[in-house]
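Scroll down for the structure; my scribbles are underneath it.
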Amino acid sequence: MLDHPKKTAQLLGALEAAAPFEVELTSSLIEHLRAENVIEADQKRHVVSDLSYAGDEGGIVCHLSCSEEDGRALVISLTHVRVSRSMPLAAAVLDYQKHRMKKIKKQGWR
């Protein structure tokens, strides 16, 4: 198990209460999305409209507001976005991301 169930549930609840909030996509994620021809990759900043939990494989995921043109949703793992340092939950998000990345590397996931 990658995540601490209790800590993750608490962070997810706090983030849901804080939504909507802005996040910034990481450079590697932007490159990946562009390679997949995802139009939303042209924007670095996005608004998180909702969150959910996708188990060990996805962890906490952010539902990003996107274009109403094609009706497609963009759902990204919290691990691959950055929140503003001024956000009250920034330290908790960073701790979650560091813990998750450490566990992923240890288990050999990508």
Side-chain angles (χ1 to χ4, degrees):
M1 181 170 278
L2 291 177
D3 298 321
H4 297 294
K6 189 174 181 177
K7 281 184 175 182
T8 302
Q10 288 174 338
L11 178 58
L12 177 59
L15 289 169
E16 287 174 328
F21 57 90
E22 193 172 89
V23 294
E24 188 173 294
L25 305 182
T26 62
S27 298
S28 59
L29 177 60
I30 290 172
E31 287 178 31
H32 174 75
L33 292 174
R34 284 185 180 152
E36 296 293 321
N37 295 315
V38 176
I39 295 169
E40 288 80 8
D42 291 338
Q43 300 172 326
K44 192 169 189 165
R45 295 184 188 276
H46 289 267
V47 175
V48 175
S49 58
D50 196 13
L51 297 108
S52 57
Y53 186 69
D56 270 352
E57 288 188 20
I60 295 174
V61 292
C62 302
H63 303 243
L64 305 180
S65 299
C66 59
S67 166
E68 293 180 17
E69 286 178 20
D70 59 11
R72 294 183 350 174
L74 191 57
V75 179
I76 303 292
S77 175
L78 181 62
T79 308
H80 298 292
V81 299
R82 301 293 171 252
V83 298
S84 171
R85 290 182 183 177
S86 63
M87 180 186 190
L89 297 169
V93 169
L94 186 59
D95 287 345
Y96 170 83
Q97 291 170 327
K98 284 181 179 180
H99 172 80
R100 189 162 172 80
M101 289 306 298
K102 181 179 174 183
K103 290 285 195 165
I104 287 170
K105 286 178 184 177
K106 189 175 183 179
Q107 291 186 7
W109 291 11
R110 290 184 168 218

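- V61 belongs to a hydrophobic cluster whose other members, connected by ILVMFWY side-chain contacts under 4.5 Å either directly or through intermediates, are V75.
- The minimum heavy-atom distance between L78 and C62, with the atom names listed, is CD1-SG, 3.9 Å.
- Taking both residues in full, the closest heavy atoms of D56 and D3 are given as OD1-N, 3.8 Å, listed atom of the first, atom of the second, then distance.
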Side-chain donor-acceptor pairs of residues 5-24 under 3.5 Å, sequence neighbours excluded:
from: T8; atom 1: OG1; to: H4; atom 2: O; distance (Å): 2.8
from: E22; atom 1: OE1; to: R45; atom 2: NH1; distance (Å): 3.4
from: E24; atom 1: OE1; to: R45; atom 2: NH1; distance (Å): 3.4
from: E24; atom 1: OE1; to: R45; atom 2: NH2; distance (Å): 3.4

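- Taking OG of S28 as the reference point, atom NE2 of H80 lies at 7.0 Å (rounded to 0.5 Å).
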Would you tabulate the side-chain donor-acceptor contacts of residues 81-92 under 3.5 Å, counting partners in other chains and residues two or more places apart, or write 'none'?
from: R82; atom 1: NH1; to: T79; atom 2: O; distance (Å): 3.4
from: S84; atom 1: OG; to: S86; atom 2: N; distance (Å): 3.2
from: S84; atom 1: OG; to: S86; atom 2: OG; distance (Å): 2.8

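- Applying the side chain to side chain contact (heavy atoms under 4.5 Å, CB included) rule to S49 yields the partners H63, S65; only residues at least two apart in sequence or on another chain are considered.
- A 4.5 Å side-chain heavy-atom check between H99 and D95 finds every atom pair outside the cut-off.
- One finds the CD1 atom of I76 at 12.5 Å from the CG atom of L51 (value rounded to the nearest 0.5 Å).
- Under a 4.5 Å side-chain heavy-atom criterion applied to ILVMFWY residues, the cluster that includes V47 comprises that residue alone.
- Distance check: I60 CD1 to Q97 CD gives 9.5 Å after rounding to the nearest 0.5 Å.
- To the nearest 0.5 Å, atom CD of residue E31 and atom CZ of residue R34 are 8.0 Å apart.
- Screening I30, L29, T26 for a side chain to side chain contact (heavy atoms under 4.5 Å, CB included) involving K44 leaves a single residue, I30.
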